[in-house]
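Below, chain A is the first sequence line, B the second, and so on; all start at residue 1.
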Amino acid sequence: MKTDFIPIDYDYFDFQNRNYIKITGRNSQGKRVFLIDTCPIYLWAILKPNLSSQKIKKLIEKISRIKVKTRERTSKVEKVEIHDKNFLDKPVKTLKIFVTNYKDLPEIASSLGLEEIEKRRGYDLGFITHYIIEKKLDPLNWYEIEGEEISNSDDYGGIGKAVEADICIMLDKHKKVQEKKFTPKTLAFDIETESGAFQIGSGEILMISLVSDNFKKVITWKGNENKKDYRYVEYVKDEAELIEKFIEYTKKISPDFIVGYYSDGFDMPYIKARAQKNKIKFDINLDGSQPIFSRGISTTAKTKGISHIDLLRFIRTAYAQYMQSETLSLDDVASEFLGENKKEFEFKHSSKINSEEWDKYFEYNLHDSVLVFKLFEKFWPDLLTFSLTIKEPPSELSRAGLSKFVEGYILHNLEKYNEIPERRPKHEELGKRRQEGPVEGAFVLEPKPGLYEKIAMFDFTSMHTSIIISMNISKSTLLEKKEKNSNTIKTKLGEFSFTKKQGFIPALLNEIFLYRKKAKAEYKKNPNIFTKARSNAFKVLSASVHGYIAFFGARYYSKEASSSILGYVRKFNQDTIKNIEKEGYEVVYGDTDSIAFIMGNKTETEIKDFLKRLNSKLPGIMELELEDFYKRGIWVTTRGGTTGAKKKYALLDKKGNLKIRGFETVRRDWCTLARNLQNRIITLILEDGNEKRALEYLKTVIKKAKAHEISKEELIIKTQLKKPLSEYKATTPHVIVAKKMKEAKMPISPGTIISYFVCEAKEKKALVRDRVKLPGEKGQYDAEYYLNHQILPAVENIFQVFKINISEIIEGKRQTSLGDF
DNA sequence: GAAGTGGATATACC
DNA sequence: ACTGGTATATCCACTTC
């Protein structure tokens with residue numbers, strides 16, 4: 001049997017004490033292909049240097065006799081080979097020790113604590129990763145595969161019969177073929193549960209919506225009394241049948257991906273809980289088994305064959321950093337990327353919903369799935385590219401953090417360098433690393449507060465990554481002491497030198513760097529929300545390489561490397577500032593990898609030429625680029641101080657677009673009154689080049705605020721609850737509000753955005769937290785608070801640039817000179 | 001009792 | 001615990017004069 005094949009989802013099973021991989025995918029006819037395969041299982045033993053061949057021979061004999069007995073099976077060493085490999089860029093003599101079962105590798109490794117063996121490695125990758133590395137059957141690549149058809153066979157426990165696939169193959173041969181077009185079949189889903197049922201499984205599932213290509217369905221057992229199907233609504237008799245129908249449709253549609261939003265944390269565990277309650281099976285997996293729920297920081301619902309993706313988790317890692325939305329709610333995310341919102345629906349207990357409202361509810365439910373479906377469609381190219389680059393399956397990657405992205409990429413590409421994988425740090429090591437404390441980070445230049453005209457901004461392209469590549473920095477390229485031809489950098493931890501002989505990590509990162517460049521070029525050529533999101537996703541990936549090296553959980557963690565990278569970051573930025581100043585420019589500001597300076601009487605062409613000259617002196621792939629030219633910009637002082645505030649500025653580009661960083665305008669924990677006011681004031685000042693109109697505008701707002709004419713909506717302050725209430729040491733306003741919410745039986749958990757406004761107090765000196773009210777509560781807002789604690793701080797230092805004292809205006813002290821207060 | 005200081009907390013920048 | 005460090009700013013508890 002022969003077919004072409006694209007692997008999508010990976011899983012494994014044991015049969016007669018051997019490990020088998022099972023891969024679900026498609027062929028180019030769209031048939032579902034299910035593939036079973038095995039691979040050699042082994043680990044590496046790195047030998048002490050200069051062992052005699054006699055000694056090695058004896059050692060091999062000894063190792064060959066090793067057997068490990070566990071409750072389930074006896075695993076034994078099957079074969080031992082000698083190999084010349086590299087470990088951390090150094091040549092080593094190793095034994096490749098083959099055993100019967102992957103799960104026993106750690107046991108075997110611990111029985112190898114022998115004198116002749118220096119290190120044991122390669123037993124902690126996980127079977128799927130091990131398999132992909134070993135057999136090079138990479139996710140989402142196209143292959144020509146050959147093997148025995150086992151669809152109707154009882155072999156391997158009859159798995160071929162059990163699984164619902166068009167073709168089942170026991171793999172014999174495979175070879176990579178040219179890339180073909182692949183559009184995954186997707187099913188988006190969303191459930192609605194009894195209102196007030198915040199605990200997983202505590203109330204009934206009222207309906208479930210399903211959306212796929214040309215398929216829209218809401219399955220329900222509620223609403224309309226005669227329970228007749230109409231439009232997309234399909235009635236079932238009860239909750240149990242609803243779940244069964246859901247499974248039935250899923251199998252019928254047979255998608256590659258079943259996609260939800262927060263479905264790891266809600267929909268999937270909820271369905272599971274309700275299935276249990278109804279004493280039915282939630283057997284949605286292709287092989288008839290149930291999803292596996294893993295606990296941990298967040299629950300994960302892994303399905304088999306039909307790959308479950310919780311889109312929220314992928315968005316959180318890959319896009320959240322650069323998103324405009326202030327929450328990652330489906331409504332906000334859809335609004336940002338699709339320009340569409342959720343439908344409105346007022347939740348109430350199902351017994352109180354009338355038939356017209358049920359219709360709205362169904363529509364609401366369906367629309368959620370529509371949004372999820374569309375979002376997945378848009379983000380699929382990115383998940384695909386990440387999966388192709390990192391060589392981990394999409395179900396894995398969509399839930400992974402950034403360290404996993406980087407580490408996965410390294411592990412899957414070690415073979416090019418004949419490298420043996422480093423192990424995951426053990427518990428002790430983790431503790432030690434975390435105790436060490438942070439290393440000195442980047443340099444931020446203190447700005448001189450003021451309004452500036454004609455500003456140019458340069459920044460380094462993927463600075464940390466290009467430093468790692470150009471200066472060849474990594475755990476394995478670190479020299480014990482300075483050598484003649486090495487890259488040396490002084491840091492607070494000491495002076496570190498790195499060999500110029502390229503290490504495997506810097507070599508590997510080059511590719512990530514190129515992806516970043518490509519995505520950025522794509523965005524510049526075709527700027528839209530998605531090319532932007534993609535460019536940023538690769539920016540995140542590229543930027544996280546340094547974070548990975550400094551991450552205590554990393555296999556290739558290196559404090560020396562991290563501190564050296566940051567040393568170079570400071571050096572390159574500071575050197576460039578000096579060079580720009582030497583050229584006669586006034587540098588206004590710089591943060592980590594960027595520098596802003598006044599163009600003065602120089603033209604854009606002159607500055608671009610200057611940039612070229614600066615670049616010609618930079619080593620390796622280091623590159624300084626023009627971020628943009630700006631018409632005007634403003635930098636302010638810190639609050640109550642005279643020094644320039646870092647990480648806070650606003651720029652107006654030549655097209656009239658504002659770029660605001662750090663100001664309250666961009667902070668979600670300030671009320672919209674203050675944010676909008678500040679935004680308006682910055683806009684007016686930057687557009688006009690003076691403060692006149694801005695000041696007039698401010699006065700009108702102050703007047704309105706004093707007269708209690710501001711709508712409550714604009715006064716709501718939103719703060720995120722970051723941990724369980726019980727863990728808070730300080731009693732802050734948002735904690736008080738959260739407690740109120742809890743008493744009112746409103747759902748709160750870490751991550752909930754707490755909304756409140758500040759009211760007038762009976763006592764004069766009441767603390768803020770004693771005056772907070774929920775948005776729904778009645779009460780007059782405290783004008784004094786909003787004037788002095790929201791409006792004033794938001795605009796004070798902006799007007800200070802023009803030597804105007806806003807607090808006097810607010811207090812009304814200089815009425816005569818400043819107008820009608 | 002005002003003023004200053006420092007811890008806890010949240011959020012942003014790169 | 002799940003990439004890093006740098007920075008601003010609030011609110012509150014506490015100390016100091």
Of A:V540 and A:E440, the one whose closest DNA chain C nucleotide lies more 5'
A:V540
Are any of A:Y649's side-chain N or O atoms less than 4.0 Å away from OP1 or OP2 of C:dT8?
no
Please determine whether a side-chain nitrogen of the Lys or Arg among A:K391 and A:E396 lies less than 4.0 Å from a carboxylate oxygen of the Asp or Glu.
no
What's the closest nucleotide to the side chain of A:K722 if the choices are B:dT11, C:dT6, C:dA1?
B:dT11
Look at A:R661 and B:dA12 and indicate whether a side-chain polar atom (N or O) is within less than 4.0 Å of OP1 or OP2.
no
Base, sugar-phosphate, or nothing: which does A:G441 touch, judged by heavy atoms less than 4.0 Å apart?
sugar-phosphate
Side chains of residues 715-726 of chain A: which donor-acceptor partners sit under 3.5 Å, not counting sequence neighbours?
{"unit_1": "A:Q720", "atom_1": "OE1", "unit_2": "A:R668", "atom_2": "NH2", "d": "2.9"}
{"unit_1": "A:Q720", "atom_1": "NE2", "unit_2": "A:G751", "atom_2": "O", "d": "3.3"}

A quick test of your reading: do over 12 heavy atoms of other residues, nucleotides or ligands sit less than 6.0 Å from CD of A:Q435?
no
At 4.0 Å (heavy atoms only), tell me whether A:V439 reaches a base, stays on the sugar-phosphate, or touches nothing.
sugar-phosphate
With the side chain defined as heavy atoms from C-beta on, A:A730 is closest, among B:dT9, B:dC14, C:dC12, to B:dT9
Under 4.0 angstrom between A:R639 side-chain N/O and C:dT10 OP1 or OP2:
yes
Atom-pair distance (CZ on A:F552; P on C:dC2), nearest Å
6 Å
Ranking B:dT11, C:dC12, B:dC14 by distance to the side chain of A:Q720, first place goes to B:dT11
Distance, rounded to the nearest Å, where A:W670 contributes CH2 and B:dT9 contributes P:
20 Å
For a quick check, tell me whether the side chain of A:R667 and the base of B:dT11 share a donor-acceptor pair closer than 3.5 Å.
yes
Does either side chain, that of A:Y319 or that of A:D382, offer a donor lying less than 3.5 Å from an acceptor on the other one?
yes
Whole-Å distance separating the NE2 atom of A:H734 from the C1' atom of B:dA8:
10 Å
Testing B:dT11, C:dT10, C:dT3 for proximity to the side chain of A:P793, the answer is C:dT10
Tell me whether the centres of the aromatic rings in A:F458 and A:F597 are closer together than 6.0 Å.
yes
Using only heavy-atom distances, decide whether a donor-acceptor pair under 3.5 angstrom links the side-chain of A:E727 to the base of B:dT9.
no
A:I717 CD1 to C:dC11 C1', straight-line distance once rounded to whole Å:
11 Å
Any side-chain N or O of A:H789 below 4.0 angstrom from OP1/OP2 of C:dA9?
no
Is the A:Y728 to A:H734 ring centre distance short of 6.0 Å?
yes
Is it the case that A:Q800 and A:T637 place a side-chain donor and acceptor less than 3.5 Å from each other?
yes
What does A:Y785 touch in the nucleic acid at a heavy-atom separation under 4.0 angstrom: a base, only the sugar-phosphate, or nothing?
sugar-phosphate
As a test of reading the structure: which of C:dG4, C:dC12, B:dC14 is closest to the side chain of A:R769, going by heavy atoms?
C:dC12
Rounded distance in Å - CE (A:M463) to C1' (C:dT6):
15 Å
Whether A:R675 contacts B:dT11 is assessed here as follows: a side-chain N or O lying under 4.0 Å from the phosphate OP1 or OP2. Is that the case?
no
With five pairs defining each end axis, the helix from B:dG1-C:dC17 to B:dC14-C:dG4 comes out bent, to 10°, by 20°
Indicate, with a heavy-atom threshold strictly under 4.0 Å, whether A:G662 touches base, sugar-phosphate, or nothing.
sugar-phosphate
Please classify the nucleic acid contact of A:E326 as base, sugar-phosphate, or nothing, using heavy-atom distances under 4.0 Å.
nothing
Spacing between A:R433 atom CZ and C:dT3 atom P, to the nearest angstrom:
15 Å
Side chain of A:K729 (C-beta onward), nearest among C:dT8, B:dT11, B:dA8:
B:dA8
As a test of reading the structure: which of B:dC13, C:dA9, C:dT3 is closest to the side chain of A:K648, going by heavy atoms?
C:dA9
Across the strands shown, which category fits A:S562 at heavy-atom distances under 4.0 angstrom: base, sugar-phosphate, nothing?
nothing
Using whole Å, report how far CD of A:E407 lies from C1' of C:dA1.
14 Å
Rounding to a whole Å, what distance do you find between A:K539:NZ and B:dC14:C1'?
8 Å
OP1, OP2 of B:dT11 versus side-chain N and O of A:K647: anything below 4.0 Å?
no
Counting any heavy atom closer than 4.0 Å, what does A:K559 reach on the DNA or RNA strands: base, sugar-phosphate only, or nothing?
nothing
Selected nucleotide, minimal atom distance to A:D669 side chain, candidates B:dT11, B:dC13, C:dC12
B:dT11
N/O (side chain, A:Y728) to phosphate O (OP1/OP2, B:dA10) under 4.0 Å
yes
For A:I549, report the nucleic acid contact type (base, sugar-phosphate, nothing); a contact means any heavy atom under 4.0 Å.
nothing
Verify the contact: side-chain N or O of A:S544 to OP1 or OP2 of C:dT3, cut-off strictly under 4.0 Å; return yes or no.
no
Any side-chain donor-acceptor pair under 3.5 Å between A:E796 and A:S807?
no
I want to verify a distance call: between C:dA7, C:dA9, C:dC12, whose nearest atom is closest to the A:K646 side chain?
C:dA7
To the nearest 0.5 Å, what is the distance between OG1 on A:T461 and CG on A:L624?
7.5 Å
Using a distance-only test with no angle check, is there a side-chain donor-acceptor pair under 3.5 angstrom linking A:T683 and A:N679?
yes
Is the phosphate of C:dG4 approached by A:H464 (side-chain N or O, under 4.0 Å from OP1 or OP2)?
no
